[in-house]
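The structure follows.
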There are 2 protein chains.
Amino acid sequence: MGAPVVSGTVVAGRSTKDAIRDAALQLFSTKGFDHSSLREVADAVGITKASLYYHYASKVDLLVAIIEPMFDEVRTQVEGLDEIAHTPENVRAVIRERLRSTLANRKVGALCMRDTVAIVNALGNRYPDLIELHHRTCRWLAGPHADADTLLRATAAMQVLSTAMMSQEIVPDTDIDHIEATLLNAALGVLYPAR
Amino acid sequence: MGAPVVSGTVVAGRSTKDAIRDAALQLFSTKGFDHSSLREVADAVGITKASLYYHYASKVDLLVAIIEPMFDEVRTQVEGLDEIAHTPENVRAVIRERLRSTLANRKVGALCMRDTVAIVNALGNRYPDLIELHHRTCRWLAGPHADADTLLRATAAMQVLSTAMMSQEIVPDTDIDHIEATLLNAALGVLYPAR
DNA sequence: GTCTATATACCGATAGAC
DNA sequence: GTCTATCGGTATATAGAC
């Protein structure tokens, strides 16, 4: 909206590019990726669609800007698993680390969880190994030479972690460390059943 | 494609209407609801888009035909919860029943899970209490006068059950009764933590 | 960097012949 | 019940002035 600009940064502290990304995340989260138009995103920011194209080359580029930081974080974590021995303490540490980044990126995570098909379709072959990264995490959690039952429980444990993305809606007045502790224990309980 | 028809039923045993529903489920599951066109559905069946409209009044009507049976099943289960005492045996029975219908409807369930935003948007106000039904289930599982921690664990337990929808991909050679037993115990473990 | 105006394409849905 | 043809709407994306 013609705000004063110094080398690409709005004086207020947030660039137009960032404002577009934030508005798009909000819109994609509520209406879905396919059902959100770039005109709506531009309206939310207070610019026109044509101006938006100055900052992002395409709708998919905008989506990538939103989710790439989280994907990179997950990728780094998963690729590091190869060097971590599968001990009970390390399993606990790995789950805790994933839980922390899930909580930190919960808004983007919820978008990916609730609009998976549309996003996967839009990204096409840009992240061909994304699902494989998730499977690798499950396989690492299950441990070497795990049987089918253990692999199923490892997948269920990962599902428990995804509860973190909805935690603000479910228990809004609970502090984040407590949520982390509860879900960590729950996931470990699924992975190592008492009975 | 002009197959002989007796009172709405193709002689082969499956009506065109059913074929459209099945093709749509397949297409919606892979490409998402918004990104799937009725032209593609019609092409998969071998008819034109106009013929499809003879069987279903709108794209949303087609979606409803796919998901309504599962929704009705869930609704019946949740509305019956009011009359069930919250005892450990009943909690186990309720989880088992939900697990069974989740497994029975896993293809439709996976569609709803992976394309939530688009489907909720398309349905609009047709099922205004759908999310509330899920919350009621979580609250019943947590029990009367439950604290925030228990409610969070009840939600996580429901997430464990959703693993059933992916079970065929994760452990394809495991029989369904074993999957049911494993996930039932996992969900109970989350709800009643040992530590 | 932002604008107006537009090219191009596909969508859901309908009309009407057969 | 299925078809061809088309309407009205909206989407992404671009051209070019300022």
Side-chain angles (χ1 to χ4, degrees), chain A residues 1-21 23-24 27-28 31-66 115 117-119 121-124 126, chain B residues 1-21 23-24 27-28 31-66 115 117-119 121-124 126:
Chain A
M1 215 179 250
V5 166
V6 180
S7 28
T9 304
V10 173
V11 171
R14 207 181 55 153
S15 68
T16 301
K17 191 162 184 170
D18 288 347
I20 294 171
R21 179 176 41 68
L27 206 60
F28 292 173
K31 301 192 58 177
F33 178 75
D34 284 335
H35 207 67
S36 302
S37 71
L38 294 183
R39 189 190 175 282
E40 289 173 304
V41 176
D43 283 354
V45 178
I47 59 173
T48 63
K49 193 175 50 169
S51 297
L52 192 154
Y53 270 97
Y54 173 83
H55 297 279
Y56 295 96
S58 71
K59 192 183 183 184
V60 171
D61 261 35
L62 178 52
L63 177 64
V64 167
I66 291 171
D115 212 15
V117 188
I119 290 174
N121 242 278
L123 293 180
R126 206 181 284 241
Chain B
M1 210 180 253
V5 167
V6 180
S7 27
T9 304
V10 173
V11 170
R14 205 181 56 153
S15 67
T16 301
K17 190 161 184 169
D18 288 347
I20 293 170
R21 179 175 42 69
L27 206 60
F28 291 173
K31 301 192 58 178
F33 178 75
D34 284 334
H35 207 67
S36 303
S37 71
L38 294 182
R39 188 190 174 282
E40 289 172 305
V41 176
D43 283 354
V45 179
I47 59 174
T48 62
K49 192 174 53 168
S51 297
L52 192 153
Y53 270 97
Y54 174 83
H55 298 280
Y56 294 95
S58 72
K59 193 185 184 185
V60 171
D61 261 36
L62 177 53
L63 176 64
V64 168
I66 290 171
D115 210 16
V117 188
I119 290 175
N121 243 280
L123 294 179
R126 205 182 286 242

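Each chain gets a letter, A, B and so on, in the order its sequence line appears, and its residues count up from 1.
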**Asked** According to a strict under-4.0 Å criterion, is A/H35 in side-chain N/O contact with OP1 or OP2 of D/dT10?
**Response** no
Query raised in the report: Got A/N121 and A/D34 here, is their nearest side-chain heavy-atom distance under 4.5 Å?
Result: no
Heavy-atom nearest pair, A/R14 first then A/A19, reads NH2-CB, 3.5 Å
note: B/Y56, atom OH; C/dG12, atom C1'; distance rounded to Å ~ 17 Å
Whole-Å distance, B/N121 CG to C/dG12 C1', equals 16 Å
- Could you tell me whether A/K31 and A/D115 have a side-chain N and a carboxylate O separated by less than 4.0 Å? no
In short, B/V64 meets B/L123 closest at the heavy-atom pair CG2-CD2, 3.8 Å
To the nearest angstrom, the CG-P distance between A/L63 and D/dA13 comes to 12 Å
Atom CZ of A/R39 and atom C1' of C/dT2 are separated, to the nearest Å, by 16 Å
In short, the helix from C/dG1-D/dC18 to C/dC18-D/dG1 is bent end to end, axes from five pairs each side, to 10°, by 0°
Separation of C/dG12 atom P from A/D34 atom CG, nearest Å, is 11 Å
Quiz item: So, B/K59 side chain and B/A122 main chain: donor-acceptor pair closer than 3.5 Å or not?
Solution: no
Practice task
Indicate whether OP1 or OP2 belonging to D/dT2 is found under 4.0 Å from a side-chain N or O atom of B/T16.
Solution key: yes
TODO: Answer yes or no: is there a side-chain heavy-atom contact under 4.5 Å between B/L52 and B/V45?
DONE: no
Closest non-hydrogen contact found for A/E40 with A/H35 is OE1-O, 3.7 Å
Practice prompt. Taking only the side-chain nitrogens and oxygens of A/T48, find out if one of them lies under 4.0 Å from OP1 or OP2 of C/dT2.
Written response: no
Practice item. State whether A/S51 places a side-chain N or O below 4.0 Å from either non-bridging phosphate oxygen (OP1 or OP2) of C/dG1. Key: no
Using a cutoff of under 3.5 Å, can you pull out all pairs of nitrogen or oxygen atoms linking the protein to nucleotides 13-16 of chain C, with atom names and distances?
| unit_1 | atom_1 | unit_2 | atom_2 | d |
| --- | --- | --- | --- | --- |
| C/dA13 | OP2 | B/Y53 | OH | 2.6 |
| C/dA13 | OP2 | B/K59 | N | 2.9 |
| C/dA13 | O5' | B/Y53 | OH | 3.2 |
| C/dA13 | N6 | B/K49 | NZ | 3.0 |

Regarding the side chain of A/S37, the nearest nucleotide among D/dT12, D/dT2, C/dT2 is D/dT12
- Any side-chain heavy-atom pair from A/L38 and A/Y53 closer than 4.5 angstrom? yes
In short, A/S37 meets A/L27 closest at the heavy-atom pair O-CD2, 4.3 Å
When rounded to whole Å, the CG to C1' distance for the pair B/L52 and D/dG1 reads 12 Å
For this session: Report yes if at least one side-chain N or O of B/Y54 is closer than 4.0 Å to OP1 or OP2 of D/dG1; otherwise report no.
Result: yes
